[in-house]
Amino acid sequence: MIKIFNTLTREKELFKPIHENEVKMYVCGPTVYNYIHIGNARSAVSFDTIRRYLEYRGYDVTYVSNFTDVDDKMIKQAKKEKITVDELANRFIEAFMADTKALNIKPATANPRATHMIDDIIKFIEALVEKDYAYEVSGNVYFRARHFKHYGELSKQNIEQLENGASQHLTQEEVTTKEDPLDFVLWKPQKEASEVAWDSPFGKGRPGWHIECSVMSTKLLGETFDIHGGGQDLQFPHHENEIAQSEAKTGHKFVNYWMHNGFVTVGNQNEKMSKSAGNFVTVHDLLQGEDPTVLRFFMASTQYRRPIHYNDDNMQEARERVQYFKNLYQNIDYRLNDQTSSQENTELAQLVNEKVAEFKAAMDDDFNVQNGLTVLYELTRAINQHLQESTVDKTVLTIFKEEFIKIMTVFGVEFNQKSDNLSEEVEALIKKRDEARSQKDFKTSDEIRDQLKGMGIVIEDTPQGTRWKKNES
RNA sequence: GGCGGUAUAGCCAAGUGGUAAGGCAGAGGUCUGCAAAACCUUUAUCGUCGGUUCGAAUCCGACUACCGCCUCCA
């Protein structure tokens, strides 16, 4: 039984999807005015890992993640680059797709864009106006936050404190148009003729930020769905507002489980990285010099709610872990294909079963990947010990390999099949080296080993013979 | 000011009442012609103070430090 920490209740709750064996989840995606930074990527990796685990446990997951493709930042950036907002969005959506693909994030079931759902957004706002939850003032449509009696519940804030905070940040326009400082905008009027805008019953304008997520999620997943995720900084006001709008309109509970991922921090002070702070590292830049698999594993191997400290020491550790797993995988293959006979080892077979069950138990507890990985390390140590025996149980190794692949798939780490053939030149060199070794001509054999290393082929001698692997780094 | 999070070895980190998982790095060792890969051994009394308890890292109180949200932000 899977337990999920629900931000709404601040407790771990037993996960019961609305429809048995089906999970419908929505994750807030980026505003596409720049390359994503590793904080954005962390969010995407966290929820992708959660999705993959749910699938590992047999659920059919519908995963929707949006693009915010129109807002002040988009307009500003497009203007600066003298291109349209749409062109800007297309460029960085493409970049997002490339970056997330590199990180082995599964494509979403749907990636809705705000600007592609303007009609639905307008209808949604109209419904709120009809219900008296929203009002129009000179082209602005605002939501009456105070009318929604659960306002502040997600972020555990009371109305007075929220009002106090909100009133300090009002623009002059908002002071004259808002009934209440707490009210938030659903529709913004066009400021100048060149600005991108759509016709609406409230005048030419564009949607506010929060409304798009309510519209897109309920349209694609239903008025009530299972999981809504996003970064911790979205709790207030974004998700609070989403709840208010959606429940005001539908009269039903919006989301059953709210999940929020922790931040990526950088620097000595472990400060939050963000676009606005300017201290961000983009995935695009980072992947110029880093194996994407390593970055993926780095972010997937911390539980989604914990902070991740991005620095080179921690990256180095991830590099070594990924290499360890690669070696394990290749060494299993090597033994599976060697000439030795198989010898049954019931003890190891049982251990594999036990550890796989322990892995599930660990992950079922709010996706505790640290404990899950610990179980995996315990098991891999036993397997590595076994691999050194003169005879191995090939049946168990095959079973373990399958389970191992499934588990690594949850973390988004995949190993290429050893399909690459060696060139004739390399094969001849390996053969020549073996001959030299059998004649104890170690000078020659070591020279050949160095030569092969220069060609990216690493040679390892084992009691079962000489094995090779490609050095990818 | 309000709300929330975190504090465990050099680093990462698990652990919510019974005398500290795991990983990295370090040290030593096994295997090897030498390597590589792998394995083995080895390193902490849990931010501070006080309380509850037979017994607390784990519960309660106070304090300190760092981080975040309250305004765009994953």
Side-chain angles (χ1 to χ4, degrees), chain A residues 7 10 27-31 33-34 36-47 65 68 71-73 76 152 155-158 160-166 168-171 209 229-238 240 260-265 269-277 280 298 301-309 311 313-314 316-321 323-324 326-328 330-331 334 362 368-378 380-388 437 440-443 445-446 449-450 453 458-463 466-469 471:
Chain A
T7 308
R10 309 282 158 118
V27 178
C28 286
T31 301
Y33 67 105
N34 198 345
I36 56 168
H37 61 228
I38 56 178
N40 297 303
R42 196 271 166 100
S43 183
V45 167
S46 290
F47 288 105
S65 187
T68 297
D71 81 334
D72 290 341
K73 295 189 296 290
K76 194 176 157 195
S155 52
K156 303 278 179 285
Q157 301 275 342
N158 73 49
E160 280 65 37
Q161 279 147 5
L162 284 174
E163 174 169 349
N164 194 25
Q168 291 168 21
H169 297 281
L170 290 181
T171 63
W209 174 38
Q232 270 166 6
D233 49 355
L234 296 182
Q235 278 174 32
F236 189 90
H238 187 54
E240 197 74 68
H260 291 96
N261 65 273
F263 295 125
V264 175
T265 66
Q269 298 304 310
N270 291 330
E271 285 159 342
K272 175 191 172 188
M273 178 178 65
S274 68
K275 286 181 181 171
S276 54
F280 63 93
F298 172 67
S301 58
T302 295
Q303 198 249 10
Y304 72 98
R305 285 196 284 133
R306 295 213 124 235
I308 292 182
H309 306 306
N311 59 49
D313 281 354
N314 292 341
Q316 184 57 30
E317 195 170 326
R319 287 180 200 115
E320 277 157 18
R321 284 290 90 184
Q323 189 58 51
Y324 177 83
K326 272 188 191 167
N327 290 338
L328 172 70
Q330 290 180 348
N331 293 347
Y334 185 75
N368 193 328
V369 298
Q370 276 109 331
N371 284 342
L373 283 171
T374 293
V375 173
L376 187 62
Y377 292 147
E378 285 164 1
T380 52
R381 210 176 324 124
I383 295 292
N384 268 324
Q385 281 173 21
H386 186 64
L387 287 173
Q388 295 181 60
R437 285 188 75 231
K440 304 221 183 288
D441 179 2
F442 298 121
K443 185 171 178 288
S445 71
D446 287 353
R449 184 167 64 193
D450 287 344
K453 195 176 177 186
V458 176
I459 292 298
E460 298 175 353
D461 299 318
T462 79
T466 298
R467 72 185 175 210
W468 60 270
K469 63 184 180 188
N471 183 4

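Bear in mind that the values here come from a model prediction, so they are computed numbers and not experimental data. Sequence lines set the chain letters: A, B, ... in the order given, protein chains first and strands last, and positions in each chain run from 1.
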Please write out the pairs of protein N or O atoms and N or O atoms of nucleotides 3-10 of chain B separated by less than 3.5 Å, giving the distance to one decimal.
none

Taking only the side-chain heavy atoms of [X] (C-beta and beyond), determine which of [options] contains the nearest atom.
| X | options | value |
| --- | --- | --- |
| A:H37 | B:rU71, B:rA74, B:rG33 | B:rA74 |
| A:E460 | B:rA14, B:rA35, B:rC73 | B:rA35 |
| A:R467 | B:rC73, B:rG23, B:rA37 | B:rA37 |
| A:E378 | B:rC70, B:rC73, B:rG22 | B:rG22 |
| A:K272 | B:rG68, B:rA13, B:rC12 | B:rG68 |
| A:R449 | B:rC39, B:rC34, B:rA37 | B:rC34 |

- Task: Look at the rings of A:Y377 and A:Y324 and say which category their plane angle falls in: under 30° parallel, 30 to 60° tilted, over 60° perpendicular.
- Result: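 Rings of A:Y377 and A:Y324: perpendicular, as their planes differ by over 60°.
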- Query: What is the nucleic acid contact for A:F236, judged by heavy atoms within less than 4.0 Å: base, sugar-phosphate only, or nothing?
  - Reply: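 Answer is sugar-phosphate: A:F236 comes under 4.0 Å of backbone atoms only.
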- With sugar-phosphate meaning primed atoms plus P, OP1 and OP2, does A:H260 contact a base, only sugar-phosphate, or nothing at under 4.0 Å between heavy atoms?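 No contact.
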Mate of [N] where both pairing distances stay under 3.5 Å, Watson-Crick or G-U:
| N | answer |
| --- | --- |
| B:rG61 | B:rC49 |
| B:rA21 | none |
| B:rG4 | B:rC67 |
| B:rU30 | B:rA38 |

Taking only residues two or more places apart in sequence, or in another chain, which ones meet [X] in a side-chain hydrogen bond (donor to acceptor under 3.5 Å, both in side chains)?
| X | value |
| --- | --- |
| A:Q316 | A:R319, A:E320 |
| A:D233 | A:K272 |
| A:E163 | A:R146 |

Collect all protein-nucleotide pairs involving nucleotides 25-31 of chain B in which both atoms are nitrogen or oxygen and the distance is under 3.5 Å.
residue: B:rA25; atom: OP1; partner: A:E320; partner atom: OE1; Å: 3.2

Nucleotide [N], atom [atom2] - distance to [atom1] of [X] in whole Å:
| X | N | atom1 | atom2 | value |
| --- | --- | --- | --- | --- |
| A:R319 | B:rC12 | CZ | C1' | 15 Å |
| A:H309 | B:rC67 | NE2 | P | 12 Å |
| A:R321 | B:rA13 | CZ | C1' | 13 Å |
| A:E160 | B:rG2 | CD | C1' | 12 Å |
| A:R381 | B:rU41 | CZ | P | 8 Å |

Is [X] side chain donor-acceptor paired with the [N] base, going by distance under 3.5 Å alone?
| X | N | answer |
| --- | --- | --- |
| A:D446 | B:rG33 | yes |
| A:Q232 | B:rG68 | no |
| A:N164 | B:rC70 | no |

- Gap in Å between the two C1' atoms, one belonging to B:rU43 and one to B:rG28, rounded: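 Taking atom C1' in both B:rU43 and B:rG28, they lie 12 Å apart.
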- Message: Taking the C1' atom in each of B:rC31 and B:rC39, what is the distance between them to the nearest angstrom?
- Response: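 One C1' to the other, the span is 9 Å.
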- Query: What residues form a salt bridge (Lys or Arg N to Asp or Glu O under 4.0 Å) with A:D461, not counting sequence neighbours?
  - Reply: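 A:R433, A:R437.
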